[in-house]
Amino acid sequence: METMERLFQSNFKVGAYPFYEYLRQHDPIFLMSQQHNQSSWIVTKYDHVKELLKTQSFLKDQSKLFSTSPHDTPQDEMTTIFQNMMLDVDPPDHTRLRKLVQPYFNPKTIKNLQPRIEDIADQLIMEMNNKKGPIDLINDFAFPLPIIVISELLGVPAEDRNKFRRWSNTILAAADDMETDFVEDVQAFTQYLTRLFEERREEPQDDLISNLLQAEEEGEQLSRTELYSMIVLLIIAGHETTVNLIANTMYALFEHPRQMERLREDFSWTENAIEEGLRYYSPVDFSTARWAEKDMEFHGKHIQRGDLVLASLSSANRDESKFERADEFDITRKEVQHVAFGFGIHFCLGAPLARLEGKIALEKLLNAFPDIRLAEQKPNWRPVFLLRGLDNLYVNIK
Ligand code: HEM
């Protein structure tokens with residue numbers, strides 16, 4: 001079976017799961033590439049993935065290993081923003097940054113957003129009802145819902161969401177080495193944020209940006225660069241993930257009509273259906289990079305200091321040694337202990353929000369549209385390495 005090339009083909013997502021199964025059985029710590037004496041590995045088994053994500057000798061901050069990062073490029077502004085994201089740093093910086101934002105994302109705080117999220121969902125459904133012909137569930141529902149929510153939470157004008165969509169697409173495409181107007185877009189993004197910060201500083205609002213600005217002004221807790229990094233991280237995380245959770249789970253339900261029926265008969269399965277959706281079509285295929293702090297053996301492979309190691313969350317979530325009938329979509333599966341939100345200290349900050357949005361989305365859509373069904377047989381998976389998401393999901397609602 002051809003290996004490395006496969007991961008980067010645009011239709012890779014279609015055959016990904018059998019490929020992961022092959023790797024789990026024959027080559028679970030898979031050497032994806034080797035360049036300039038540095039190897040890149042993919043970890044595919046559930047237990048190994050958890051071990052990787054909790055082991056401290058796999059670092060997030062690459063700069064601790066090299067005096068100059070091999071990824072230093074003319075796009076320095078973005079490099080700096082990425083290096084200062086809490087997702088890309090280790091303790092103690094990670095602990096300090098996470099503590100600052102954690103209170104805003106606790107399940108209890110998030111629960112207070114429920115009525116507002118329901119209103120937004122109702123509004124989007126009303127607009128869908130006014131449309132004729134097939135509707136793109138992504139464009140008209142799964143995308144705007146989480147964007148409006150995160151924009152309001154941060155204090156970013158929701159009407160600018162198309163700009164953010166473009167910028168976060170650019171940043172992700174750059175991570176995949178695809179051609180984009182990277183430098184221009186990054187500049188536009190940071191200039192936009194600078195203006196927004198000035199506005200909020202003059203007139204603070206009851207939003208996360210105003211609160212973080214205050215933390216930055218009081219010094220010590222948060223540097224200026226870290227502030228940009230945090231907002232960019234939250235915008236990207238809020239833009240590129242929950243949309244996939246909603247659309248992928250709806251798609252899995254369309255593909256499995258008996259499961260759809262089951263859910264319609266008893267909506268108390270909704271939360272479980274979301275967990276199963278997270279496991280079955282994990283919205284984030286791979287963890288972000290970890291770097292080996294030292295030479296080490298990892299389940300039979302020799303990993304060298306500075307090697308890059310990625311966890312395949314999708315593969316772990318289909319590991320038959322952890323999940324019975326792993327390739328079956330079953331919304332009544334008990335205690336779905338998936339790793340779709342990662343594991344360890346970088347476990348997704350937004351998980352309670354994503355779960356709540358997913359639950360509300362499913363309930364609202366299925367209640368509003370008793371006949372909702374796919375309008376095309378095979379929607380396309382986006383050719384983005386890190387994520388599993390559909391380009392469009394056309395449905396008929398009447
Ligand atoms: C981290 C998945 C939604 C904010 C992560 C990680 C995963 C993940 C796998 C860990 C990455 C790693 O360890 O390399 C998801 C999925 C989502 C989702 C599947 C939706 C279904 C969100 C939302 C937000 C968010 C809505 C915020 C608004 C974050 C942040 C981190 C993170 C800030 C970094 C946490 C840290 O470094 O401590 N997410 N995410 N995520 N996520 Fe999410």
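Read the numbers this way: they start at 1 and go in the same order the structure lists the ligands and their atoms. Only a predicted model underlies this, so the values are computations on that prediction, with no experimental measurement involved.
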Q: Report the distance from atom OG of S223 to atom CG of D93, rounding to the nearest 0.5 Å.
A: 9.0 Å
**Q.** V101 and ligand 1 - part of the residue with a heavy-atom distance under 4.0 Å
**A.** neither
Q. Nearest to atom 12 (C) of ligand 1, what protein heavy atom do you find, and at what distance?
A. R290 NH1, 3.3 Å
Q: Specify the protein heavy atom at minimum distance from atom 21 (C) of ligand 1: its residue, its atom name, and the distance to 0.1 Å.
A: L245 CB, 3.6 Å
Q. Is ligand 1 under 4.0 Å from a heavy atom in the side chain of L313, in the backbone, in both, or in neither?
A. side chain
Q | Structural part of F105 in contact with ligand 1, heavy atom criterion under 4.0 angstrom | A | side chain
(Q) Under the side chain to side chain contact (heavy atoms under 4.5 Å, CB included) test against R373, which residue among I397, V395, N396 passes? (A) N396
Q: Check the pair E216 / R224 against salt bridge (Lys or Arg N to Asp or Glu O under 4.0 Å), numbers first and verdict last.
A: CA-CA 7 Å; E216 188 239 340; R224 170 44 68 105; 3.4 Å; yes
**Q.** Donor-acceptor contact below 3.5 Å, side chain D185 vs main chain W167
**A.** no
Q. What protein heavy atom sits nearest atom 19 (C) of ligand 1, and how far off is it?
A. A340 O, 3.6 Å
**Q.** Short side-chain to backbone donor-acceptor contact, K359 and A273, under 3.5 Å
**A.** no
**Q.** Sub-3.5 Å N/O-N/O distance, T288 and ligand 1
**A.** yes
Q) So which heavy atom in the protein is nearest atom 11 (C) of ligand 1, and how far is it from that ligand atom? A) L87 CD1, 3.8 Å
**Q.** Between CG on residue D90 and CG on residue L59, distance to nearest 0.5 Å
**A.** 5.0 Å
Q. Picking from I231, I235, T194, what satisfies side chain to side chain contact (heavy atoms under 4.5 Å, CB included) with F189?
A. I235
Q: Go through ligand 1 atom by atom and flag the ones less than 4.0 Å from a non-hydrogen atom of M86.
A: 33 (C), 37 (O)
Q. Can a donor-acceptor pair be found between the side chains of E240 and S168 at a distance below 3.5 Å?
A. yes
Q | Identity and separation of the nearest protein heavy atom to atom 35 (C) of ligand 1 | A | R98 NH1, 3.4 Å
Q | Protein contact of atom 28 (C) of ligand 1 - nearest heavy atom, named by residue and atom, plus distance | A | I150 CD1, 3.2 Å
Q) Which ligand 1 atoms are under 4.0 Å away from a heavy-atom of L233? A) 33 (C)
Q) Got a sec: does the NZ of K108 have more than 12 other heavy atoms crowding it under 6.0 Å? A) no
Q: Would you please determine whether I345 falls within less than 4.0 Å of ligand 1 on a heavy-atom basis?
A: yes
(Q) What count do you get for protein N, O or S atoms closer to atom 43 (Fe) of ligand 1 than 2.8 Å? (A) 1
Q. For ligand 1, which atoms sit closer than 4.0 Å to a heavy atom of S287?
A. 14 (O)
Q) Aromatic rings F329 and H256: how do their planes relate, parallel, tilted or perpendicular, breaks at 30° and 60°? A) tilted
Q: Please round to the nearest 0.5 Å and tell me the distance separating atom CG of L278 and atom OG1 of T249.
A: 6.0 Å
**Q.** Nearest-neighbour protein heavy atom for atom 26 (C) of ligand 1, which is reported as residue plus atom name and distance
**A.** T242 OG1, 3.6 Å
Q) Which of the listed options, H239, H94, Q102, K60, holds the heavy atom that is closest to atom 38 (O) of ligand 1? A) H94
Q | Donor-acceptor contact present, side-chain R200 to main-chain G155, <3.5 Å | A | yes
Q. Is a side-chain donor or acceptor of S210 paired with a backbone partner of P204 at a separation under 3.5 angstrom?
A. no
Q) When clusters are formed by joining ILVMFWY residues with side-chain heavy atoms under 4.5 Å apart, either directly or through shared neighbours, do Y394 and I372 land in the same one? A) no
Q | Protein heavy atom at shortest distance from atom 37 (O) of ligand 1 | A | H346 ND1, 2.7 Å
